[in-house]
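Each remark here refers to the structure printed beneath this line.
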Amino acid sequence: MGHHSAAVWDFKAATEISKDWNGIDQIMLRNPQGASARVSLHGAQVTSWRNEKGQELLFTSSKAIFKAPKAMRGGIPVCFPQFGNCGSLELHGFARNRMWAIDENPPPLPAKDSSRNSFVDLILKSTDEDMKCWPHSFEFRLRVSLTTTGDLTLISRIRNVNGKPFSFSFAYHTYLMVSDISEIRVEGLETLDYLDNLSQKERFTEQGDAITFESEVDRVYLSSPNIIAVLDHERKQTFLIRKEGLPDVAVWNPWDKKSKAMTDFGDDEYKQMLCVDAAVIEKPVNLKPREEWTGRLQLSVVPSSFCSDRFGLERCGL
């Protein structure tokens, strides 16, 4: 185990619970360097993630409506048991619109996900109300943790507690804060096939050496690598998105026309946001009775000087 110095950081004390202005509990996670993350029990939605300088890394619309039962526009809503409109349920499923509970006694996770992190465990169980629209018994456990290096990690474990199999699609609908969308490059998705939601989900192959933005984009990239980079030229920083169990990546920016049509989104805010979602969309997860699925997302920010222009992640020491 090794010897710790007397001034050991108390991770339990680094987790505070307060109420938002709707009276809903929210959990604040902090690390020793001053980074923080905030999670609401409404939807288990991460509503803030700040680096050690206090800069916000997730986008939230200035017009976001903080009122249950709807999910707030921004942060990281969890889409389950359906992504988008690819089923009969409400858009993006119901998990993001439900009240979750703090899980006092979660089953253990691998050691790498427990040690030296400030974290909270949340749980959602199917209710009679949910069973009317989606008749399957599940337990959804989510651990949100902030590492000592300021990385944000979300680990979802979804268990079938019923006697019959079910299937679901899933996404971490991640709103990244960017300096200027027209200066952003997404690397790691080049040469992949994608479904274009602006063309009736028609399948195309990505031709560019990176994804750049000059108009509305709404795509699902299939069978993607487990590290994606979002390079922000102006800020000289790169978001690294590492994922496990999540083969697809949804990329979305509404651009100007759609932005004006959304009541909970500012007309020009599309310039400061980009959604890059680690997801399971094309081939839903099938869970047999008593089976459990795990989907893991880790977000980190590194100086762009770490990376070569080409997606040289092996040269980033990653």
Side-chain angles (χ1 to χ4, degrees), residues 1-20 24-41 44-60 74-76 78 100 102-123 141-157 172 174-179 227-230 232 235-244 278 294-307 313 316-318:
M1 282 292 286
H3 294 289
H4 292 304
S5 66
V8 173
W9 176 255
D10 182 352
F11 282 97
K12 204 72 189 151
T15 308
E16 305 157 20
I17 298 181
S18 60
K19 292 203 184 299
D20 69 13
I24 294 170
D25 280 352
Q26 50 182 5
I27 299 98
M28 184 69 101
L29 308 175
R30 299 181 195 282
N31 82 353
Q33 286 71 37
S36 66
R38 192 173 62 232
V39 192
S40 173
L41 286 190
Q45 186 167 350
V46 177
T47 56
S48 172
W49 171 40
R50 291 175 184 263
N51 64 17
E52 67 281 357
K53 297 190 193 91
Q55 291 166 322
E56 182 57 64
L57 301 167
L58 298 177
F59 168 87
T60 298
I76 311 178
V78 174
W100 291 54
I102 291 177
D103 191 359
E104 300 291 356
N105 198 12
L109 275 160
K112 66 169 181 172
D113 291 315
S114 347
S115 57
R116 313 281 306 140
N117 292 340
S118 169
F119 63 86
V120 64
D121 287 291
L122 303 178
I123 187 165
R141 287 184 164 82
L142 174 67
R143 171 169 291 186
V144 180
S145 52
L146 188 67
T147 68
T148 46
T149 54
D151 294 359
L152 181 68
T153 306
L154 287 82
I155 303 165
S156 289
R157 292 182 285 173
Y172 292 113
T174 307
Y175 286 80
L176 299 174
M177 171 93 80
V178 299
S179 55
I227 303 187
I228 310 296
V230 179
D232 190 330
R235 288 216 174 120
K236 297 186 173 53
Q237 70 178 24
T238 296
F239 286 103
L240 291 176
I241 298 168
R242 296 180 181 83
K243 59 194 183 62
E244 289 168 28
T294 302
R296 191 172 186 282
L297 170 68
Q298 183 174 352
L299 299 173
S300 42
V301 178
V302 298
S304 292
S305 55
F306 269 42
C307 293
L313 286 179
C316 300
L318 303 166

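Between the Arg157 side chain and the Pro107 main chain, a donor and an acceptor come within less than 3.5 Å of each other. Of the possible donor and acceptor atoms, none in the side chain of Glu244 sits under 3.5 Å from a partner among the backbone N and O of Gln298. Side-chain N or O atoms of Thr149 include none that pairs as donor or acceptor with a backbone N or O of Thr147 at under 3.5 Å. Within the 3.5 Å criterion, the main-chain N or O of Gly150 finds no donor-acceptor partner in the side chain of Asn51.
The CZ atom of Arg296 sits 10.0 Å away from the CG atom of Leu154 when rounded to the nearest 0.5 Å. With rounding to the nearest 0.5 Å, the separation of CG in Leu142 from CG in Asp121 is 8.0 Å. The CE atom of Met28 sits 6.0 Å away from atom OG of Ser48, with the distance rounded to the nearest 0.5 Å. Interatomic distance, Leu109 CG to Arg141 CZ, rounded to the nearest 0.5 Å: 10.0 Å. In this structure, Ile155 CD1 and Arg143 CZ are separated by 6.5 Å, a value rounded to the nearest 0.5 Å. Once rounded to the nearest 0.5 Å, the distance linking CG of Leu299 with CD1 of Ile228 reads 12.0 Å.
The nearest pair of heavy atoms linking Ala278 to Lys243 is CB-CD, 3.8 Å. The heavy-atom pair separating Gly75 from Leu58 by the smallest distance is CA-CD1, 4.1 Å. The minimum heavy-atom distance linking Ala37 with Leu146 is given by the pair N-CD2, 4.1 Å. Taking both residues in full, the closest heavy atoms of Ser118 and Leu29 are given as OG-CB, 3.5 Å, listed atom of the first, atom of the second, then distance. Contact detail for Phe239 and Leu57: the closest heavy-atom pair is CZ-O, 3.5 Å. In this structure, Thr47 and Ser40 approach most closely via the heavy-atom pair CG2-CB, 4.3 Å.
Tested against Trp49 for a side-chain contact (heavy atoms from CB on, under 4.5 Å), the candidates Ile76, Val144, Val301, Val39 yield a single pass: Val301.
In this model, no donor atom of one side chain and acceptor atom of the other lie less than 3.5 Å apart for Ser36 and Arg50.
With sequence neighbours excluded, the residues satisfying side-chain contact (heavy atoms from CB on, under 4.5 Å) with Asp25 are Ile17, Lys19, Leu41.
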Let me see the working for Glu16 and Arg30 under side chain to side chain contact (heavy atoms under 4.5 Å, CB included), right down to the final yes or no.
CA-CA 9 Å; Glu16 305 157 20; Arg30 299 181 195 282; 3.0 Å; yes

Ser300 and Arg242: side chain to side chain contact (heavy atoms under 4.5 Å, CB included), yes or no, with the steps?
CA-CA 8 Å; Ser300 42; Arg242 296 180 181 83; 2.9 Å; yes

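Residues Ser145 and Thr153 are in side-chain contact: their nearest non-hydrogen atoms beyond the backbone lie under 4.5 Å apart.
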